[in-house]
*Asks:* 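Next up is a structure, given as structure tokens.
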2 protein chains.
Amino acid sequence: MSDELMTIRQMCDSFGVTPRTLRFYEARELIFPQRRGQHRLYDRRDRARLTLILRGKRFGFSLEQIRQLLELYEPGGRNETQIAATIQVARERLEDMERQYSELSEAIAELQTQIGDAESRLSTATRSKRSG
Amino acid sequence: MSDELMTIRQMCDSFGVTPRTLRFYEARELIFPQRRGQHRLYDRRDRARLTLILRGKRFGFSLEQIRQLLELYEPGGRNETQIAATIQVARERLEDMERQYSELSEAIAELQTQIGDAESRLSTATRSKRSG
DNA sequence: CCAAAAGTTGACGCGAACGTAATCGAAACG
DNA sequence: CGTTTCGATTACGTTCGCGTCAACTTTTGG
């Protein structure tokens, strides 16, 4: 298998995005599909990156933050200073995610409580209506 | 204490937002400060709601989603249909948060791995420079 | 071979979530 | 009592993340 090149349409179908979105990510330098003539072709790397992009978005990261994170996955020959900077950025994102993780835990518990309360108010209202 | 009314400036200072933001949230009906003449005054409830708003934002929710969630905290006399709808919306948000929670767990682990890899690449580069 | 489909590059548009004056009234202060 | 200061309102501007044409060039299929 020749690295499973995909057209933009195949990418869109399998990731649930639009061509516009893929071209936009490329313009922002988050993915770099090769070209066959004018047409874009996406390989395994591009797909891996897109997966990370979409996940980063679900966590509320900006495309720029995601772009910086993706540098971490580049084995490309960059110098120490750049690598160190990339690591530093990644550590900050990691802390964001760890904070969010623990905060989510609390928020989930609170929301469950509130839903429970609201449910009991609802059943009370339903009963009082039936008997009233 | 008379319920600790705060001016818009005091609110901004203690929450790290701008007046524009508070007025914007009010326009979108997420908070409802009282008025003394023309001036806004924020009480305990307003602060509690703002806390929830800012937290919701950190989770990537839109202001509209947050507004719907805040209805859950309203004991106000609404009818069963409305309460049931509010509960339904809250359940969906809860599922979002639970999905995000487990996905975050994975993502954190992966990111830690990547940072570790990058760090080893960095120290290797540093060593080869020292000895080369 | 010719038409339809797929893909490309601009360029403008749009909703969300505010920022940023400009202009005004009220209010606190020396 | 005048003047900063604080807040309100109105309204236009901005950034992000795409959506949506329009106008063209392939590419593919009957």
Side-chain angles (χ1 to χ4, degrees), chain A residues 2 4-43 46-47 49-70 89 92-93 96 100, chain B residues 4-43 46-47 49-71 89 92-93 96 100:
Chain A
S2 66
E4 295 272 336
L5 293 176
M6 289 173 68
T7 71
I8 198 168
R9 184 101 301 277
Q10 291 171 326
M11 286 292 281
C12 292
D13 290 347
S14 62
F15 283 93
V17 299
T18 69
R20 178 69 176 92
T21 299
L22 293 181
R23 296 190 195 110
F24 185 76
Y25 292 166
E26 186 178 346
R28 294 304 191 79
E29 305 188 335
L30 279 91
I31 38 181
F32 314 96
Q34 4 173 333
R35 296 294 181 110
R36 180 173 57 192
Q38 277 292 66
H39 293 35
R40 291 168 173 82
L41 287 178
Y42 299 83
D43 62 15
D46 295 317
R47 275 167 291 190
R49 294 176 75 91
L50 184 53
T51 299
L52 291 172
I53 293 168
L54 298 179
R55 187 167 75 182
K57 286 201 55 187
R58 287 197 291 277
F59 295 152
F61 291 150
S62 71
L63 293 184
E64 174 55 22
Q65 286 178 325
I66 295 171
R67 193 193 60 73
Q68 290 173 5
L69 266 181
L70 286 173
V89 169
E92 290 169 14
R93 285 302 81 67
D96 289 346
Q100 193 162 340
Chain B
E4 294 272 336
L5 293 176
M6 289 173 67
T7 71
I8 199 169
R9 186 101 299 281
Q10 290 170 328
M11 285 293 281
C12 292
D13 291 348
S14 60
F15 283 91
V17 298
T18 70
R20 178 71 176 93
T21 298
L22 293 181
R23 297 189 195 110
F24 185 76
Y25 291 167
E26 187 179 346
R28 294 303 191 82
E29 305 190 333
L30 280 92
I31 37 179
F32 314 95
Q34 1 173 336
R35 296 294 182 110
R36 182 173 56 193
Q38 278 293 66
H39 292 37
R40 290 171 173 81
L41 286 178
Y42 299 82
D43 62 15
D46 296 316
R47 274 166 292 189
R49 293 176 73 92
L50 184 55
T51 299
L52 290 172
I53 293 168
L54 298 180
R55 188 167 72 180
K57 286 201 55 185
R58 285 196 292 277
F59 295 151
F61 291 150
S62 72
L63 292 185
E64 174 56 20
Q65 287 177 325
I66 295 171
R67 192 192 61 74
Q68 290 173 4
L69 266 181
L70 286 173
E71 285 179 14
V89 169
E92 290 168 15
R93 286 301 82 67
D96 289 345
Q100 194 165 341

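What's counted below: heavy atoms across the whole structure, side chains too, no hydrogens, waters or symmetry copies. Nothing here was measured: the structure is a model prediction, and the numbers come from that model.
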*Asks:* Give a yes/no answer on whether the side chain of Tyr25(A) brings an N or O atom under 4.0 Å of OP1 or OP2 in dC18(D).
*Replies:* yes

*Asks:* Between Arg40(B) and dG7(D), is there a side-chain N or O to OP1/OP2 distance below 4.0 Å?
*Replies:* no

*Asks:* CG of Leu22(B) versus C1' of dC6(D): gap in Å, rounded?
*Replies:* 15 Å

*Asks:* Taking the nucleotide of DNA chain C with the closest heavy atom to each, which residue, Phe24(B) or Arg36(B), is nearer the 5' end?
*Replies:* Phe24(B)

*Asks:* Considering every strand and a 4.0 Å limit on heavy-atom distances, what is the contact class for Arg23(B): base, sugar-phosphate, or nothing?
*Replies:* base

*Asks:* Quickly work out the Ile53(B) CD1 to dA17(C) P distance and round it to whole Å.
*Replies:*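 Atom CD1 in Ile53(B) sits about 11 Å away from atom P in dA17(C).
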
*Asks:* When the distance from CD1 of Ile66(A) to P of dC18(D) is rounded to whole Å, what number comes out?
*Replies:*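 Whole-Å distance recorded here is 9 Å.
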
*Asks:* With respect to the phosphate group of dC16(D), does any side-chain polar atom (N or O) of Lys57(A) fall under 4.0 Å of OP1 or OP2?
*Replies:* no

*Asks:* Return whichever of His39(A) or Arg28(A) has its heavy-atom-nearest nucleotide of DNA chain D closer to the 5' end.
*Replies:* Arg28(A)

*Asks:* Are any side-chain N or O atoms of Asp13(B) and backbone N or O atoms of Gln10(B), one a donor and one an acceptor, separated by less than 3.5 Å?
*Replies:*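 Here the side-chain-to-backbone pair does not exist.
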
*Asks:* Between dA17(C), dG17(D), dA8(D), which nucleotide gets closest to the side-chain atoms of Ser62(A)?
*Replies:*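 The nucleotide sitting nearest to the side chain is dG17(D).
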
*Asks:* To the nearest Å, give me how far apart CG (Leu30(B)) and C1' (dC18(C)) are.
*Replies:* 14 Å

*Asks:* Given dC6(D), is OP1 or OP2 found less than 4.0 Å from the side-chain N or O atoms of Thr7(B)?
*Replies:*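 The answer is no; no side-chain N or O of Thr7(B) sits under 4.0 Å from OP1 or OP2.
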
*Asks:* When you compare the side chain of Leu70(B) with that of Arg67(B), does any pair of heavy atoms fall below 4.5 Å?
*Replies:* no

*Asks:* Any side-chain N or O of Arg20(B) less than 4.0 Å from the OP1 or OP2 oxygen of dG13(D)?
*Replies:*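 No, outside the criterion.
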
*Asks:* Whole-Å distance between dT27(D) P and Arg9(A) CZ?
*Replies:* 18 Å

*Asks:* Please check the phosphate of dG17(D) (OP1 and OP2 only) for any side-chain N or O of Thr21(A) closer than 4.0 Å.
*Replies:*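 For dG17(D), neither OP1 nor OP2 has a side-chain N or O of Thr21(A) closer than 4.0 Å.
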
*Asks:* At less than 4.0 Å, is any side-chain N or O atom of Arg35(B) found next to OP1 or OP2 of dT9(D)? Yes or no.
*Replies:* yes

*Asks:* Flag the pair Asp96(A) and Arg93(A) as a salt bridge only when some basic side-chain nitrogen lies within less than 4.0 angstrom of an acidic carboxylate oxygen.
*Replies:* yes

*Asks:* Can a side chain N or O of Thr18(B) be found less than 4.0 Å away from OP1 or OP2 on dC18(C)?
*Replies:*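 Looking at the OP1 and OP2 atoms of dC18(C), neither is under 4.0 Å from any side-chain N or O of Thr18(B).
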
